[in-house]
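Right, one structure below, let's go through it.
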2 protein chains.
Amino acid sequence: MAEDLLGWTEIDTGTCSVARAVEILGDRWTVLVLREVFNGVRRFGDIQTHIGVSRSVLAQRLATLKEQGVLERRPYQEPGDRVRHEYRLTPLGRGLQPVLVALNNFGDQFLSGPDGPPVLLRHADCGALVSAALVCADDHRVGPREIRLELGPGARPRA
Amino acid sequence: MAEDLLGWTEIDTGTCSVARAVEILGDRWTVLVLREVFNGVRRFGDIQTHIGVSRSVLAQRLATLKEQGVLERRPYQEPGDRVRHEYRLTPLGRGLQPVLVALNNFGDQFLSGPDGPPVLLRHADCGALVSAALVCADDHRVGPREIRLELGPGARPRA
DNA sequence: CAGTATCCCAAGCGATACTG
DNA sequence: CAGTATCGCTTGGGATACTG
């Protein structure tokens with residue numbers, strides 16, 4: 001993700017992780033649906049009215065996310081109420097949290113109106129604001145220009 | 001982004017930062033274009049052949065990204081060659097790096113084939129792998145469940 | 001090379017009506 | 001409530017041809 005092209009242009013980008021991730025998150029509605037579920041809105045009707053999408057589209061997105069293993073549909077029951085269903089994140093779905101947080105950060109920093117961000121994400125422990133930061137496995141903070149691209153084992157030359 | 005709904009369901013989500021960010025990154029092609037530019041592929045033709053998109057679509061996406069202030073088109077000249085144009089990230093565009101890295105991480109972790117990821121992001125300084133991690137402004141690492149949602153100054157009730 | 005213009009087909013979408 | 005089915009409309013997208 002930096003100034004680099006050591007063969008990057010010669011590999012098949014269809015197998016790239018970003019491309020694969022985008023096949024899940026590829027459209028606006030899907031991202032918004034996931035935001036709702038991350039924020040605790042889990043019922044069909046609640047999601048629908050909150051993001052203002054048509055029922056058919058929501059049903060289709062939820063079905064796809066279920067097929068992909070991002071969400072699961074499970075029955076639950078509040079005392080004295082009839083059985084309902086809710087959508088929960090699977091471990092795969094939870095893996096998307098940094099993406100959602102990074103999107104939220106970006107919007108906060110660059111796209112907020114004069115009043116500032118509408119939603120704040122706070123660290124439950126200390127109350128400080130949360131962001132998705134670049135770090136390395138040796139626990140250093142990584143600056144924007146400090147990323148070196150390297151081909152991995154799954155790289156395939158393109159036809 | 002955690003178990004929470006302290007009024008979240010009552011605010012207008014159209015102004016949410018995630019929604020605003022998705023208006024820029026909302027479709028597959030745009031994300032792939034940005035990946036190319038982050039990876040140093042900056043010329044129209046190179047981007048086009050590398051991601052396999054039609055010229056009309058690429059032109060439209062680049063125009064939109066330029067309008068939105070994510071990319072800028074600038075002339076440059078290699079010695080002995082004629083003038084060319086290239087697309088560069090603006091500061092706004094660079095702000096999207098954590099999103100791209102988070103998408104890449106997600107694909108690596110959850111969607112890679114048996115051979116592992118096709119591309120590795122390394123910290124230029126130490127060579128360790130880079131990821132987009134949740135941290136707070138007080139520099140703590142933040143666990144997936146340790147985020148508390150709070151309404152910010154820009155929150156608007158929904159109609 | 002880096003686009004723009006046109007054509008035409010496929011997909012996405014909301015509105016509405018229907019179902020368990 | 002939580003969907004599915006159908007209907008048109010609008011948009012997206014590749015292919016092709018054209019332009020500076």
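In what follows, chains carry the letters A, B, and so on, assigned in the order in which the sequence lines appear, proteins first and then strands, with residues in each chain numbered from 1. Values below: all heavy atoms of this structure, side chains included; hydrogens, waters and symmetry mates excluded. Since we're looking at a predicted model, the values are computed, not measured.
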Report task. Kindly write out the residues that satisfy side chain to side chain contact (heavy atoms under 4.5 Å, CB included) with Arg94(A), not counting sequence neighbours, or none if the list is empty. Result ->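 Arg94(A): side chain to side chain contact (heavy atoms under 4.5 Å, CB included) contacts with Leu89(A), Pro91(A), Arg145(B).
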Show which side-chain atoms of residues 121-130 of chain A pair as donor or acceptor with protein atoms under 3.5 Å away, not counting sequence neighbours.
unit_1	atom_1	unit_2	atom_2	d
Arg122(A)	NE	Glu150(B)	OE1	2.9
Arg122(A)	NE	Glu150(B)	OE2	3.1
Arg122(A)	NH1	Gly127(A)	O	2.7
His123(A)	NE2	Glu146(B)	OE1	3.0

Query raised in the report: Do Thr15(B) and Asp12(B) pass the side chain to side chain donor-acceptor pair (under 3.5 Å) test, and can you show the C-alpha distance, the side-chain angles, and the key distance before you say yes or no?
Result: CA-CA 6 Å; Thr15(B) 67; Asp12(B) 172 22; 4.7 Å; no
Query raised in the report: Looking at Trp29(A), does any N or O in its side chain come under 4.0 Å of the phosphate oxygens OP1/OP2 on dC13(C)?
Result: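 Yes.
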**Report entry** Phosphate OP1/OP2 of dG12(D) contacted by Arg61(B) side-chain N/O (<4.0 Å)
**Finding:**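 No, no such contact exists.
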**Report entry** Proximal nucleotide (of dG3(D), dT4(C), dG14(C)) relative to the Val53(A) side chain
**Finding:**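 Of dG3(D), dT4(C), dG14(C), dG14(C) is nearest to the side chain of Val53(A).
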Report task. Could you summarise the pairing of DNA chain C as dot-bracket text, marking Watson-Crick and G-U pairs under 3.5 Å with ( ) or [ ] inside the strand and | across strands? Result -> ||||||||||||||||||||
**Report entry** Donor-acceptor contact below 3.5 Å, side chain Thr90(A) vs main chain Gly93(A)
**Finding:**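 Here the side-chain-to-backbone pair exists.
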Query raised in the report: Sequence neighbours excluded, which residues qualify as ring-ring contact (aromatic ring centres under 6.0 Å, His included) partners of Phe110(A)?
Result: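 Phe110(A) satisfies ring-ring contact (aromatic ring centres under 6.0 Å, His included) with Phe106(A) only.
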Report task. Would you classify Arg28(A) as touching base, sugar-phosphate or nothing, given that sugar-phosphate means primed atoms plus P, OP1 and OP2, and contacts are heavy atoms under 4.0 Å? Result ->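 No contact.
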Using atom types as modelled, flag every donor-acceptor pair under 3.5 Å from a side chain in residues 68-75 of chain B to any protein atom, sequence neighbours excluded.
unit_1	atom_1	unit_2	atom_2	d
Glu72(B)	OE2	Arg74(B)	NH2	3.1
Arg73(B)	NE	Tyr87(B)	OH	3.4

Requested in this report: Using a 4.0 Å cut-off on protein heavy atoms (strictly under), produce a 5'-to-3' string for nucleotides 15-20 of chain C with B for base contact, S for backbone-only sugar-phosphate contact, and - for none.
Outcome: BBB---
**Report entry** Donor-acceptor side-chain pairing of Arg43(A) and Tyr76(A) below 3.5 angstrom
**Finding:**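 On atom types as modelled, these side chains qualify, holding a pair under 3.5 Å.
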